[in-house]
Q: 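Handing you a structure now.
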Protein chains: 2
Amino acid sequence: MPEFTPDFLAAQLRAASVKVTRPRLRVLACLSRAASALTHGELEERLAEGEGGGLDRVTLYRVLDSLLECGLAERTLDARGVYRFLLSSIRAAHAAHAHFHCQRCGGITCLEQMVAPVATLPTGFVARQVEIEVRGLCVNCSPVGGAAR
Amino acid sequence: MPEFTPDFLAAQLRAASVKVTRPRLRVLACLSRAASALTHGELEERLAEGEGGGLDRVTLYRVLDSLLECGLAERTLDARGVYRFLLSSIRAAHAAHAHFHCQRCGGITCLEQMVAPVATLPTGFVARQVEIEVRGLCVNCSPVGGAAR
DNA sequence: GCCTGATTGCAACAGGGTTGCATTTGCGGC
DNA sequence: GCCGCAAATGCAACCCTGTTGCAATCAGGC
């Protein structure tokens, strides 16, 4: 896990040939502090609370676009069809294994022991990610597991 | 594969304790003819072309809701975050293998040869579905594959 | 310190999906 | 076959997520 000092973040931006701007630093810092992938809305909220005040909606989208484009961040869809953003360095640690999506509470659990198989694709197709999603009920929500209802 | 005559479809609705209405029959028929999961927009188009004329946008959403609720249909998210609807009976045939989600056009392609592994879960967890999603660009959207741009 | 292209902020828009409400319709009971 | 009522339909209006156009501002190479 790298150090997420402002200087480190600025260096990351420079290394990615992207201009170092205050909004980008703030978004990076926010993402680096997040425990999990955040939606645009969640980021907007957190930025509004932090010092420096709110960030324009559209600017936030474009900052995120630039982070995606330079490879520092990635996005996935959550169960509602909303994009969630996270740092590539964090995501990398989750790429190899499967995830359990609880259909009741929406929680996500890592299944480290379930590893993604190699994709076998028809010619012309290009794979970027392979994701195994197991859906069902987690410990807390299954009648077997514990606190049902 | 069951017979998709109007009578059969009506019987399915009755069996699911749902009123038999013209919109529901038309939507069911359309879904039963579809080769793959359709978006709301695609369904709307097809219904507008068929005899009986267009169906109200909202009505279509509510018809789909009722089909979801009674278990006749299911929905999944495509790579763009748009819902795609399909008959449960058809979906069952796709449960075992992986699917390719094109990140550009949202299209879904079956990867029959990629089979879902058995889920190994922590105790207390209950699995209902295991889904392997390969994301990337399909033949039509990848620069390698064909009609790029 | 200056210049220029990239970035920001604002306004307006687009698509997918939902809600409220009046009207119509399926269908069980008579 | 007719009646009544809950369920379903259609229309209008709305919300949320994400995008586009454009003028003003700023980063950073010179």
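All heavy atoms count here, side chains included; hydrogens, waters and symmetry mates do not.
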Q: Using the six-membered ring wherever Trp is involved, compare the ring planes of A:Phe100 and B:Phe125 and label them parallel, tilted or perpendicular (cut-offs 30° and 60°).
A: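 Rings of A:Phe100 and B:Phe125: perpendicular, as their planes differ by over 60°.
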
Q: With B:Leu38 as reference, evaluate B:Arg46, B:Arg33, B:Arg84, B:Glu45 under the side-chain contact (heavy atoms from CB on, under 4.5 Å) test and give the passing residue.
A: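 The passing option is B:Arg46.
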
Q: Where the side chain of B:Lys19 is defined as all heavy atoms beyond and including C-beta, which of C:dC27, C:dT7, D:dG28 is the nearest nucleotide?
A: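 Nearest to the side chain of B:Lys19 among the choices is C:dC27.
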
Q: Atom CG of B:Asp65 and atom C1' of C:dT19: how far apart are they, to the nearest Å?
A: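 In whole Å, C:dT19 C1' and B:Asp65 CG are 12 Å from each other.
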
Q: Give one of base, sugar-phosphate or nothing for A:Arg57, where a contact means two heavy atoms less than 4.0 Å apart.
A: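 It contacts base atoms.
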
Q: Find the distance B:Leu55:CG to D:dA8:C1' and express it as a whole number of Å.
A: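 Spelled out: CG on B:Leu55 to C1' on D:dA8 is 11 Å.
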
Q: Less than 4.5 Å apart, any side-chain heavy atom of A:Arg75 and any of A:Leu64?
A: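 The answer is no, as the side chains (C-beta and beyond) never meet within the 4.5 Å cut-off.
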
Q: Given D:dA8, C:dT19, C:dT7, identify the nucleotide with an atom nearest to the side chain of B:Arg24.
A: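 Shortest atom-to-atom distance from the side chain points to D:dA8.
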
Q: Whole Å only: how far is the CZ atom of B:Arg14 from the P atom of D:dA7?
A: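 Atom-to-atom, B:Arg14 to D:dA7, this comes out as 18 Å.
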
Q: How close or far is atom C1' of C:dT7 from atom CG of A:Leu25, stated in whole angstroms?
A: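 Distance, rounded to whole Å: 13 Å.
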
Q: Round to the nearest Å and state the distance from B:Glu69 atom CD to C:dT18 atom C1'.
A: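 The answer, rounded to whole Å, is 15 Å.
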
Q: Applying a 4.0 Å non-hydrogen cut-off, can you work out what A:Thr59 is touching in the nucleic acid: base, sugar-phosphate, or nothing?
A: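 It contacts base atoms.
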
Q: Among C:dA11, D:dG10, C:dT19, find the nucleotide with the atom closest to the side chain of A:Val58.
A: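 Nearest to the side-chain atoms of A:Val58, counting from C-beta on, is C:dA11.
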
Q: Rounded to the Å, how far apart are A:Leu77 CG and C:dG16 P?
A: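 The answer, rounded to whole Å, is 14 Å.
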
Q: Once you round it to whole Å, what is the distance between P of C:dG17 and CZ of B:Arg75?
A: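 Checked: the CZ to P distance equals 8 Å.
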
Q: Whole angstroms only, please: what is the CZ-P distance between B:Arg22 and C:dT24?
A: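 Distance, rounded to whole Å: 17 Å.
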
Q: Ignoring backbone atoms, test whether A:Tyr61 places a side-chain nitrogen or oxygen under 4.0 Å from the OP1 or OP2 oxygen of D:dT19.
A: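 Checking D:dT19 against A:Tyr61, no side-chain N or O comes under 4.0 Å of OP1 or OP2.
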
Q: Can you tell me if B:Glu69 has over 12 outside heavy atoms packed within less than 6.0 Å of its CD?
A: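 Not more than 12 within 6.0 Å, no.
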
Q: Of B:Val27, B:Leu28, B:Thr21, B:Asp56, which is the lone residue that meets side-chain contact (heavy atoms from CB on, under 4.5 Å) with B:Val63?
A: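 Exactly one pass, corresponding to B:Val27.
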
Q: Distance check: side-chain N/O of A:Thr21 vs OP1/OP2 of D:dC26, anything under 4.0 Å?
A: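 For D:dC26, OP1/OP2 do not have a side-chain N/O of A:Thr21 under 4.0 Å.
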
Q: Report the nucleotide, chosen from D:dG28, D:dG18, D:dC22, that has the shortest atom-to-atom distance to any side-chain atom of A:Arg62.
A: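 Nearest listed nucleotide: D:dC22.
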
Q: Take B:His40 and A:Leu60, find for each the nucleotide of DNA chain C with the closest heavy atom, and name the residue whose nucleotide sits nearer the 5' end.
A: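 Whichever sits nearer the 5' end wins; that is A:Leu60.
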
